[in-house]
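Residue numbering restarts at 1 for every chain, and letters A, B, ... go by the order of the sequence lines.
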Amino acid sequence: MPQQPIDHSIEIIDDTLYLSGTFRLKLPINYAPIFLSLKERIANKETPILNIKDVLFFNSAGIVALAALIISARDQDIPIIVYYDKDKAWQRRSIVSLERLWKKMETNGV
Amino acid sequence: MEKNHVYGAYNEEEKDTETDSRVDFVVPLELMDHWQRCSMISNFLASTHAVGFNNTDKVSSLFSIIINELLENAVKFSRDRSKLIMLSLKQRKNDVCIEAINTTDETQVTKLNAFIERLETETPEDLYIHQLESIAVVNNPHTSGMGLIMLLHDYHANLGIRVVPRVDDSHCYDVAISVSLEHDVIEAA
């Protein structure tokens with residue numbers, strides 16, 4: 001069976017999780033490895049920092065997984081920081097919508 | 001169980017729906033064992049259909065998001081992998097209509113009818129938050145219609161759902177889900 005092409009990348013630089021490319025995995029649970037480092041930061045009472053400005057697409061399963069992360073931070077009363085590309089309409093829309101989940105979600109359009 | 005159910009755009013009278021151009025794409029479900037094909041097909045159809053709009057890249061991105069959510073939804077809720085999914089993109093006078101049709105069973109139709117009832121009684125804002133809270137907190141492995149809610153909430157899409165029993169098999173149903181966006185909304189993407 002041919003290997004699936006890799007259409008996204010995941011990097012951790014200075015405590016920030018950088019995502020880039022297309023994220024259209026089938027189920028929210030498939031995103032668990034991607035957000036693992038941020039889940040660990042929440043468990044350690046540290047602020048998770050996520051940068052999605054180079055993400056081209058995030059499907060609804062990804063939005064659900066991101067919402068779960070935000071709710072997890074909320075449940076631990078830990079702020080969460082998200083950097084996004086304000087010129088990408090879908091990022092603007094999704095982030096504004098997700099902000100409603102947690103008042104200590106700090107969003108930075110860059 | 002009610003056999004037919006119609007929601008949203010499919011309730012509207014045929015008005016000004018003359019189609020300027022139409023692209024139909026048939027997707028064999030067997031091909032979708034490779035999940036990545038949803039994205040590839042969506043990007044291909046979106047880029048093809050975005051030609052002619054002012055900001056091709058942004059419009060293509062918008063179309064890709066809509067097609068991908070409809071296609072993923074159709075794949076997830078189809079029950080017979082020997083069947084087909086029909087994708088249709090219609091360019092009309094005032095809007096663009098993207099439609100996915102798949103075949104499913106009675107169990108899925110019951111769930112879809114319950115989802116339609118929620119669409120009819122809750123605002124997109126409430127639905128968005130309630131659904132995210134319920135499926136994210138319990139770590140539900142499924143997205144439970146979140147893609148359609150996202151299109152309603154984030155893109156103010158005109159959503160239509162139609163469930164019709166198949167004549168050749170009373171236990172099977174054709175489910176058509178359409179999303180239409182006015183041209184000015186598309187250009188402002």
Charged N to carboxylate O under 4.0 angstrom, A:Arg41 versus A:Asp15?
-> yes
B:Ser82 and B:Glu30 side chains, donor-acceptor separation under 3.5 Å = no
Going by an N to O cut-off under 4.0 Å, is there a salt bridge joining B:Asp174 and B:Arg162?
-> no
Answer yes or no: is there an ion pair linking B:Asp169 with B:Arg166, defined by an N-O contact shorter than 4.0 Å?
-> no
Part of B:Asp154 lying under 4.5 Å from any heavy atom of chain A = both
Top of A:Leu25, A:Leu56, A:Thr22 for chain B proximity - count of heavy-atom pairs under 4.5 angstrom = A:Leu25
Portion of A:Ser94 that has a non-hydrogen atom of chain B nearer than 4.5 angstrom = both
Is it true that a side-chain atom of A:Trp102 and a backbone atom of A:Ser72 form a donor plus acceptor pair closer than 3.5 Å?
-> no
Measure B:Ser42 against the heavy atoms of chain A and call it side chain, backbone, both or neither at under 4.5 Å.
-> side chain
Give, as side chain, backbone, both or neither, the part of A:Ile70 having an atom under 4.5 angstrom from any heavy atom of chain B.
-> neither
